[in-house]
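Source: prediction; values computed, not measured. Protein chains get the first letters and strands the later ones, always in sequence-line order, with residue 1 at the start of each.
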There are 2 protein chains.
Amino acid sequence: MPTRVPQERRRRRPTRSGVLLSEDLIVETALRLIGEHGPEALSVRRLGTAIGCDPSALYRYFHGTDDLVLAIADRIIGDAMAGFAPGDDWVASLREMALRVRAGYLAHPRAAAFASYRVTRRENEIRAVETGIGLLLSAGFAPVDATRLYLTFIDTVLSHAAMDAAFQALPRPQREADHRAWHDVYQGLDPVAYPALTTVRQELHSMGDSSFEEAVDLLLEALAARAPGML
Amino acid sequence: MPTRVPQERRRRRPTRSGVLLSEDLIVETALRLIGEHGPEALSVRRLGTAIGCDPSALYRYFHGTDDLVLAIADRIIGDAMAGFAPGDDWVASLREMALRVRAGYLAHPRAAAFASYRVTRRENEIRAVETGIGLLLSAGFAPVDATRLYLTFIDTVLSHAAMDAAFQALPRPQREADHRAWHDVYQGLDPVAYPALTTVRQELHSMGDSSFEEAVDLLLEALAARAPGML
DNA sequence: GTCTTGCGTCAATCCTGTTGACATAAGGCG
DNA sequence: CGCCTTATGTCAACAGGATTGACGCAAGAC
């Protein structure tokens, strides 16, 4: 396999168009491509063109498309968590972690869609997991519980954030139509067939909003209730 | 555009291999292909081969790949909720709803991963919302709370199920690598830099599993704690 | 029986990821 | 300073992807 990759030191040579390649440059260009033209615009060929190098040069930096995707995902995590330090209040700290992850995803909505369910195995992700599990351990949970509950927490945060990001990535008309959809559709329903919806029909407008914060708060309430120190 | 689609009546002609094409046959064959050979086996060319027609014939029935996948997803939703009736226990009923949705998604991961971020506005969805909000109303929640909490509940379920499905839809090597990732990566970390991970290192194997049921249970615990009847 | 036209087929186009061969210059070493 | 190894950018090619325009057959209406 000629696709060997991440050495520590490199023998860098400018490309035909004068650019000095680097993993950072590639990831940043990929994020820009996705942000401007959507996830489907990310292909090895287009990325090479955007950077100013031959597409195959990218294989000197990444084993393949999947490797590149993981690098992108890890970069998003790193940006989101930059400068975060957990405080004394573990609930508040987890809450801020959640909000930061969501903000990071919303900053790159189209990339978030395919990055959210991957395990990047890279530094930024490892640090985030260390922080999160550390917070749950400080709350008094046993290792086995802290691990499982962190997984549950972060999966909820990631999947919810990804859903918000995917919605954000929709074209404006479709997004607005979906936002109004609940209000529009349910107003004219048969009260006999749909008694519950009829009862809450005044409140259905809120169905278009994000439930992210409420979901995180509910989850943290349940975690706090289960925490050993809370008896 | 020669790609016109779903007329009511059709002039059906057997293909070269004698098959009579139909939307149902195409959707069912696609689901079979995915089930037998994994999600990556679904391509227009292979689908045509499996059915016994030219790949381009499929464009007489679907505008494109997206259209086909949405048709598949529509079928999945109907199947998942078929025969469900809520019981007296609102928590248990919501729990079963959650499990059904997830099962439906996991049965056809690629289609689910593709469609979960979209609002169908169809009858099955409306009935599900009616059922869910009805359960929360029966728990004693006020309309405004029942609505918001149902949204939070179903968003958690849908996004989590979508995440599981997306993971399931990964090509096998990547899926297995991701599943082992936590165990593999974190075993050799520096204990000083990663104290929390070091503490829980025996438990990290569980990080590869789904947290769906735990997330649903935690959410339902929080809902039950907030329920007016529970004072 | 004829005519229209729906629809299956074919071939072509343009994409995609990936790789083996090749050339060239970077940088270690004398 | 200059050589030599080899990392790395480039090129060409391959297999397979979605999609579509032209073509021709036959289904169904009349």
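When distances are taken from the side chain of A/Ala57 to each of D/dT10, C/dG8, C/dG17, the shortest belongs to D/dT10. With C/dG8, C/dA26, C/dT16 as the candidates, the nucleotide lying closest to the side chain of A/Pro14 is C/dA26. Set against C/dT18, C/dT9, D/dA18, the side chain of B/Ser43 has D/dA18 as its closest nucleotide.
As rounded to whole Å, 15 Å separates atom P of C/dC15 from atom NE2 of A/His37. What separates CZ of B/Arg60 from P of D/dA26 is a distance of 16 Å, to the nearest Å. Per the geometry, OH belonging to A/Tyr59 stands 11 Å off P belonging to C/dT16, to the nearest Å. Between B/Leu58 atom CG and D/dG17 atom P there is a gap of 13 Å when expressed in whole angstrom units. For the pair A/Leu20 CG and D/dG9 P, the computed distance is 9 Å after rounding to whole Å. Following rounding to the nearest Å, A/Glu40 (CD) and C/dG17 (P) show an atom-to-atom distance of 13 Å. In this structure, CG of A/Leu21 is placed 12 Å from C1' of D/dT10, rounded to the nearest angstrom. The CZ atom of A/Phe62 sits 12 Å away from the P atom of D/dG9 (whole-angstrom rounding).
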Atom pairs, N/O to N/O, protein against nucleotides 11-13 of chain C, distance under 3.5 Å?
none

Protein-nucleotides 4-6 of chain D N/O pairs closer than 3.5 Å?
unit_1: D/dT6; atom_1: O2; unit_2: A/Arg11; atom_2: NH1; d: 2.2

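For B/Tyr61 and C/dG8, the shortest distance from a side-chain N or O to OP1 or OP2 is below 4.0 Å. Within the structure, every side-chain polar atom (N or O) of B/Arg46 is placed at least 4.0 Å from both OP1 and OP2 of D/dG16.
The two atoms that bring A/Val129 and B/Trp182 nearest to each other are CG2-CZ3, 3.4 Å, heavy atoms only.
Residues passing the ring pair (Phe, Tyr, Trp, His ring centres under 6.0 Å) test with B/Phe212, sequence neighbours excluded: B/His160. Residues passing the salt bridge (Lys or Arg N to Asp or Glu O under 4.0 Å) test with B/Glu36 are B/Arg32, sequence neighbours excluded. With sequence neighbours left out, A/Asp79 forms a side-chain hydrogen bond (donor to acceptor under 3.5 Å, both in side chains) with no residue at all.
A donor-acceptor contact under 3.5 Å is formed by the side chain of A/Arg13 with the base of D/dT8. The base of C/dG8 is not paired with the side chain of B/Arg16 by any donor and acceptor separated by under 3.5 Å.
No side-chain heavy atom of B/Val200 sits under 4.5 Å from any side-chain heavy atom of A/Val144.
Between the side chain of B/His183 and the main chain of B/His205, no donor-acceptor pair closer than 3.5 Å is present. Side chain of B/Glu130 to main chain of A/Leu197: a donor-acceptor pair is present (N/O by atom type, distance under 3.5 Å, no hydrogens or angles). For B/Asp67 (side chain) and B/Phe62 (main-chain N/O), no donor-acceptor pair under 3.5 Å exists by modelled atom type.
Distance check: A/Met163 CE to A/Arg102 CZ gives 12.5 Å after rounding to the nearest 0.5 Å.
Counting only residues at least two apart or on different chains, the side chain to side chain donor-acceptor pair (under 3.5 Å) pairs with a member in residues 43-58 of chain A are A/Asp54-A/Ser56.
Both A/Pro55 and B/Val19 lie near DNA chain C, and the one whose nearest nucleotide falls closer to the 5' end is B/Val19.
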